[in-house]
Amino acid sequence: MRAFSWLFGHAARDGSQFEGLPSGRFRFIAVDVETATADPASICQIGLACIDHQNGFHLFSTLVDPEVPIDYRNRAIHGICDGDVRGMPRFPVAMAAMRELLEASPLVEHSSFDHRAFAAACARYGLPPLSASWHDSVRAARNAWPHLKGNGGHGLSSVCAHLALEFDHHDAGADAYACASIILAAEAETGASFADLFAPAPTARRQRSEPVRRAPSPGGTFEGCAVVFTGSLSLSRKEAADLAAARGMTVLAGVTKQTTLLVVGDQDLSCLAGQMKSSKHRKAEACIANGQPIRIIGEAEFLTMVQAG
């Protein structure tokens, strides 16, 4: 049994009830998901950490039948097997049970993967999208502990290590617990309220970042791969480039004939001239249309690749 699992209520295997699922309104709810494949719609575990107005934790975790085989690469990350999810509630059942709870309070995720996974899963099953206000705890962590930039970064593991918080990373329940703990620690560190942690920053002239290039480390797992990054990542662009180079990837500043992989982060639409995709993203798609074998993935899948590699 995983660490922290004893803290959580769980859905019944037949999906007839969600024993221990909190109810009512909360100050905020931290949400985390694990997926069966690289497709964010393939949710196979959901974890919730509901924080009440006295900062008490109300925790819930459930496995979800993704209705697709669990990819061995994802299994290596979270340890969930096909047998674990067989007979568990499908996503529509979980969504029916959780929707009222999730739409009643602000939601927090660490990076943008979780809200994209919910949106993709709802679309897959033809369900109405979740009507909720999402907040990224990476932003709160950057405000509270700016010195971690370039010193481990603001990923979940790095921030929790700084806080001396032990948790079973890549268990959705434990990750939700860790995410909620980061918010409470950031409030204590800064003296800011929850709303203040996520208040829009003062408008400032955006400065163009320097292009990031890296030569590959010899003998890396992904030798021969040439990667380009675009969009806003939870890591700094330099940190992401260092991770890629350490695994044998060549890091390019822009999409060229040598590019084989494009990693896409959150997009700041105000910087994209009204386009829904960055210029690098659009150029990569044009190259693919012309026969160039470029793979386009999100930051979460990239991190899974380099951690597994």
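In what follows, residues are counted from 1 in the order of the sequence shown. Below, all heavy atoms of this structure are taken into account, side chains as well, without hydrogens, waters or symmetry copies.
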Please determine, by modelled atom types, if H135 and S137 share a side-chain donor-acceptor pair under 3.5 angstrom.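 Not at all, the side chains of H135 and S137 share no donor-acceptor pair under 3.5 Å.
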Per the salt bridge (charged side-chain N to carboxylate O under 4.0 Å, His left out) rule, what does the pair list look like for [range], sequence neighbours excluded?
range	answer
residues 87-98	E67-R90
residues 20-30	R27-E187
residues 36-59	none

Applying side chain to side chain contact (heavy atoms under 4.5 Å, CB included), name anything that partners [X], two or more places apart in sequence or on another chain.
X	answer
E103	R99, L130, S131
A188	none
D242	R214
A284	V255, L262, I294, I296

With side chain to side chain contact (heavy atoms under 4.5 Å, CB included) as the test, would you mind laying out the steps for L59 and L48 before giving the verdict? CA-CA 6 Å; L59 308 173; L48 308 178; over 6 Å; no
Hey, could you give me each pair passing ring-ring contact (aromatic ring centres under 6.0 Å, His included) that has a residue in residues 226-260? Not counting sequence neighbours.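 Passing the test, one end in residues 226-260: F229-F302.
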For residues 24-45, which residue pairs qualify under ring-ring contact (aromatic ring centres under 6.0 Å, His included), counting only residues two or more places apart or in two chains?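 Those involving residues 24-45 are F26-H58, F28-F194.
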For the pair H110 and D32, evaluate side-chain hydrogen bond (donor to acceptor under 3.5 Å, both in side chains) and give the outcome as yes or no after the intermediate values. CA-CA 8 Å; H110 202 80; D32 189 84; over 6 Å; no
Output yes when a side-chain donor or acceptor of [X] lies under 3.5 Å from a complementary backbone atom of [Y], and no otherwise.
X	Y	result
T260	C225	no
D175	H170	yes
T35	P40	no
S42	T37	yes
D84	C81	yes
N55	I51	no
E109	V31	no
K280	G231	no
E285	R282	no
S217	G220	no

If Ile, Leu, Val, Met, Phe, Trp and Tyr residues are connected whenever their side-chain heavy atoms lie under 4.5 Å apart, and connections chain through other members, are [X] and [Y] in the same group?
X	Y	result
V263	V138	no
V251	L303	yes
V68	V33	no

Working note: H169 + L156, criterion side chain to side chain contact (heavy atoms under 4.5 Å, CB included); need CA distance, chi angles, decisive distance, verdict. CA-CA 8 Å; H169 195 17; L156 198 63; 3.8 Å; yes
For residues [X] and [Y], report the shortest heavy-atom separation together with the two atoms involved.
X	Y	value
T230	S278	OG1-OG, 2.6 Å
I80	Q45	CD1-OE1, 3.6 Å
L127	P92	CD1-CA, 3.9 Å
P66	V85	CD-CG2, 3.7 Å
A241	V212	CB-CG1, 3.3 Å
A172	I46	CB-C, 3.9 Å

Could you check whether any side-chain heavy atom of [X] comes within less than 4.5 Å of a side-chain heavy atom of [Y], counting everything from C-beta outward?
X	Y	result
L101	L21	yes
C50	F60	no
L261	T259	no
F118	F91	yes
T250	V227	no
V108	W134	no

List the steps, then state whether side chain to side chain contact (heavy atoms under 4.5 Å, CB included) holds for R75 with I70. CA-CA 7 Å; R75 184 173 66 246; I70 295 178; 4.0 Å; yes
Check salt bridge (Lys or Arg N to Asp or Glu O under 4.0 Å) between [X] and all other residues, then give those that pass, not counting sequence neighbours.
X	value
D71	R73
R295	E301
E189	none

Would you say the ring centroid of H154 lies under 6.0 angstrom from that of H162?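 No.
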Is the distance between the ring centroids of F57 and Y177 under 6.0 Å?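 Distance test on ring centres: under 6.0 Å, yes.
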In Å and rounded to the nearest 0.5 Å, what is the [atom1] to [atom2] distance from [X] to [Y]?
X	Y	atom1	atom2	result
D136	C179	CG	SG	8.0 Å
F167	S181	CZ	OG	9.5 Å
E34	D114	CD	CG	8.5 Å
I182	C160	CD1	SG	4.0 Å
E239	L148	CD	CG	9.0 Å
I29	M98	CD1	CE	10.0 Å

Test side chain to side chain contact (heavy atoms under 4.5 Å, CB included) on M88 and T62; report intermediate values, then the result. CA-CA 8 Å; M88 295 303 292; T62 182; 4.2 Å; yes
